[in-house]
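The block underneath contains the structure these notes are about, expressed in structure tokens.
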Amino acid sequence: MLVVDHVTKKYGKNIACNDVSFVLDPGSLSVLLGPNGAGKSTIMKSIIGFLKYSGSITVNGIPNKTSEARRVLGYIPEMPSLYPTLTVVEHMEFIARAYKMTDYKGRIDELLERFELADKKKKFGDELSKGMQQKLNLCIGLLPDPDILLLDEPLLGLDPHAIKELKKMIEEMRQAGKTMLVSTHIIDSVDMLWDQAIIMQGGTVKARVTKNEIEGRNISLEDLFFEVTEGLSKEDLSEDKPEQTASPEKEAGV
Ligand code: ADP
């Protein structure tokens with residue numbers, strides 16, 4: 001279980017995250033929603049241990065910055081940072097060694113195959129297109145197969161095949177009991193099976209709902225998002241968009 005407890009992060013006078021609290025239950029998929037600048041990346045970077053903040057973050061009761069906690073935490077950043085002089089496969093081998101993985105060649109091949117990078121193995125980091133860099137970034141983050149994985153805007157810049165493949169992998173990881181937190185500002189992209197949605201705006205958590213709660217309220221995640229971020233009621237939303245009344249498929253898909 002990952003517990004974020006009253007976390008506040010300031011950049012000078014700017015409060016990027018203000019008293020943020022939530023829990024990720026083991027084996028659950030949580031979506032972290034919010035417009036640009038809501039504080040999603042900041043809370044993810046705090047969880048992974050990149051930032052100083054006030055409050056506490058624990059992983060199975062252990063502070064997140066300890067080596068024990070770090071071993072189970074994984075993070076896929078929004079922006080890839082690749083080494084220009086390492087090839088695709090060298091990036092993967094570097095990560096495998098850093099995580100002291102044994103018998104990793106098969107997993108490297110599988111990931112590169114799934115994200116259509118198998119024929120780019122010998123290309124250098126700076127020879128890859130933006131989209132390929134994003135895909136390699138994903139492969140690097142997925143390689144160690146951590147128990148808890150944070151994915152920051154993972155669909156940005158991906159082609160349709162990679163989006164499909166990543167959503168499939170997220171579902172596979174969920175079924176394998178992994179704990180995941182997936183951030184996005186694109187509400188339409190949340191069509192995977194999620195357990196909890198956390199909506200942030202202006203550095204604070206505006207709403208936290210489980211799938212069951214939202215189904216009980218008979219409201220779509222999109223409606224809830226605009227209700228809490230723009231103060232629109234369900235009635236306002238249906239007046240604005242009469243053609244977009246929630247379809248059973250959409251409801252089932254979110
Ligand atoms: P999101 O991921 O939801 O788009 P961020 O966590 O990136 O939001 O940003 C939250 C707030 O913190 C924004 O106001 C942003 O400008 C600010 N911020 C983020 N990173 C930095 C930084 N390194 N220095 C100063 N301000 C930052």
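We count ligands from 1, going down the list as the structure has it; atoms in each ligand are counted the same way. Everything numeric here is computed off the predicted structure, so don't read it as measured data.
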Requested in this report: Would you check, one step at a time, whether the test side-chain contact (heavy atoms from CB on, under 4.5 Å) holds for Thr184 with Leu155?
Outcome: CA-CA 8 Å; Thr184 182; Leu155 303 177; 5.8 Å; no
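Both Val20 and Ile198 belong to a common hydrophobic cluster when Ile, Leu, Val, Met, Phe, Trp and Tyr are linked at side-chain heavy-atom distances under 4.5 angstrom.
Between Phe50 and Tyr75, the distance separating the two ring centers is shorter than 6.0 angstrom.
A donor-acceptor pair shorter than 3.5 Å can be found between the side chains of Asp152 and Ser41.
Near ligand 1, Tyr11, Asn14, Ala16, Pro35, Asn36, Gly37, Ala38, Gly39, Lys40, Ser41, Thr42 each place a heavy atom less than 4.0 angstrom from the ligand.
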Can you list, pair by pair, the side-chain donor-acceptor contacts under 3.5 Å of residues 62-74, counting residues two or more places apart and other chains?
unit_1: Asn64; atom_1: OD1; unit_2: Tyr53; atom_2: OH; d: 3.0
unit_1: Asn64; atom_1: ND2; unit_2: Ser46; atom_2: O; d: 3.0
unit_1: Asn64; atom_1: ND2; unit_2: Ile47; atom_2: O; d: 2.9
unit_1: Asn64; atom_1: ND2; unit_2: Tyr53; atom_2: OH; d: 3.1
unit_1: Lys65; atom_1: NZ; unit_2: Leu51; atom_2: O; d: 2.8
unit_1: Thr66; atom_1: OG1; unit_2: Pro63; atom_2: O; d: 2.7
unit_1: Thr66; atom_1: OG1; unit_2: Ala69; atom_2: N; d: 3.3
unit_1: Arg70; atom_1: NE; unit_2: Lys65; atom_2: O; d: 3.3

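Atom CG of Leu117 is separated from atom CD1 of Ile108 by 12.5 Å, given to the nearest 0.5 angstrom.
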